[in-house]
Participant: 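To start, I am sharing the structure in question, which I have written as structure tokens.
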Amino acid sequence: MIRDVLRMGDPRLWLVSEPVKDFSSPELAELLQDMRDTMAHLSGAGLAAPQIGVPLRVVIFGVHANPRYPDVDEVPDTVLINPVITPVGNEIVEDWEGCLSIPDIRGRVPRVRSIKVSALDRTGSPIDITSHDFPARVIQHETDHLDGVLFFDR
């Protein structure tokens, strides 16, 4: 189901989200499907659960022939639950970002170029990924939402 995305100004976007504890719940499976549907409907590269009013530490991302990102290589669909980001190196890159919660506005945001992410997948199994450039930017942007941070805050 496509959900409404909260817009900047909604105080729920500045709340810190709670960790997911129950990976077998039908509510989590429904949340993940709704996030996928909503992100695809809006041609997003990523979406965090708080953006649809669910204060849980859940992020999805992925890019496949996306009209909003025509020059970006494909990024596989990924679910990150309770993610923790660790910078790899200290190279900072400033680039343009947009946000489904702040439509039609972009801003230049400094981000670490490379990151390591430790998280859980949809079944609760641990996953570790290392990411660079655009995918690393998307992950950092979406995990900021879990801590109540919008790119305008950066």
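Residue numbers run from 1 in the order of the sequence given.
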Participant: When Ile, Leu, Val, Met, Phe, Trp and Tyr are grouped by side-chain heavy atoms lying under 4.5 Å apart, directly or through other members, which residues fall in the same group as Val88?
Facilitator: none

Participant: Report whether Ile105 and Leu6 are members of the same hydrophobic cluster (ILVMFWY, side-chain heavy atoms less than 4.5 Å apart, transitive linking).
Facilitator: yes

Participant: Hey, does Leu146 have a side-chain heavy atom less than 4.5 Å from the side chain of Pro50?
Facilitator: yes

Participant: Would you list the pairs meeting side-chain hydrogen bond (donor to acceptor under 3.5 Å, both in side chains) in which at least one residue belongs to residues 97-115, sequence neighbours left out?
Facilitator: Gln51-Ser101, Glu94-Arg108, Glu97-Arg111, Glu97-Arg137, Glu97-His141, Arg111-Asp144, Arg113-Asp133, Ser114-His132

Participant: Kindly write out the residues that satisfy side chain to side chain donor-acceptor pair (under 3.5 Å) with Ser24, not counting sequence neighbours, or none if the list is empty.
Facilitator: Asp22

Participant: Quick one: do Val93 and Val112 end up in the same hydrophobic cluster if we chain Ile, Leu, Val, Met, Phe, Trp and Tyr together by side-chain heavy atoms under 4.5 Å apart?
Facilitator: no

Participant: Just grab all the ring-ring contact (aromatic ring centres under 6.0 Å, His included) pairs involving residues 86-116, residues at least two apart or on different chains.
Facilitator: none

Participant: Applying side chain to side chain contact (heavy atoms under 4.5 Å, CB included), can you list everything that pairs with Asp153, at least two apart in sequence or on another chain?
Facilitator: Trp14, Val149, Leu150

Participant: Atom CZ in Arg3, atom OG1 in Thr38: separation rounded to 0.5 Å?
Facilitator: 7.0 Å

Participant: Could you walk me through whether Val117 and Ile139 satisfy the side chain to side chain contact (heavy atoms under 4.5 Å, CB included) test, starting with their C-alpha distance in whole Å, then the side-chain angles of each, then the deciding distance to 0.1 Å, before giving a yes or no?
Facilitator: CA-CA 9 Å; Val117 183; Ile139 294 167; 3.8 Å; yes

Participant: Considering only Ile, Leu, Val, Met, Phe, Trp and Tyr, and joining two whenever side-chain heavy atoms are under 4.5 Å apart, list the other residues clustered with Leu28.
Facilitator: Val5, Val20, Phe23, Leu31, Leu32, Met35, Met39, Leu42, Leu47, Ile52, Val54, Leu56, Val58, Ile60, Val79, Ile81, Leu100, Leu120

Participant: Among residues two or more places apart or on two chains, list those pairs meeting side-chain hydrogen bond (donor to acceptor under 3.5 Å, both in side chains) that have a residue in residues 120-131.
Facilitator: Ser118-Asp128, Asp121-Thr123, Thr123-Ser125

Participant: Please examine the side chains of Arg7 and Pro103, heavy atoms only from C-beta on, and report whether any two atoms are closer than 4.5 Å.
Facilitator: yes

Participant: Please name all residues satisfying side chain to side chain donor-acceptor pair (under 3.5 Å) with Asp95, sequence neighbours left out, ordered by chain then number.
Facilitator: none

Participant: Taking all non-hydrogen atoms of both residues, which atom of Pro110 and which atom of Ile92 are closest, and how far apart?
Facilitator: CB-CG2, 3.7 Å

Participant: Does Phe134 have any ring-ring contact (aromatic ring centres under 6.0 Å, His included) partners at least two apart in sequence or in another chain, and if so, which?
Facilitator: Tyr69

Participant: Name all residues meeting the salt bridge (charged side-chain N to carboxylate O under 4.0 Å, His left out) criterion together with Arg12; count only those two or more places apart in sequence or in a different chain, and write none if there are none.
Facilitator: Asp10

Participant: Could you check whether any side-chain heavy atom of Ile115 comes within less than 4.5 Å of a side-chain heavy atom of Thr86, counting everything from C-beta outward?
Facilitator: no

Participant: Report the residues that fulfil side chain to side chain donor-acceptor pair (under 3.5 Å) with Gln33, sequence neighbours left out, ordered by chain and then residue number.
Facilitator: Arg36, Asp37

Participant: Between atom CD1 of Ile127 and atom CG of Leu80, what is the distance when rounded to the nearest 0.5 Å?
Facilitator: 5.0 Å

Participant: Test of understanding: with salt bridge (charged side-chain N to carboxylate O under 4.0 Å, His left out), list the residues that count as partners of Asp147, not counting sequence neighbours.
Facilitator: Arg57

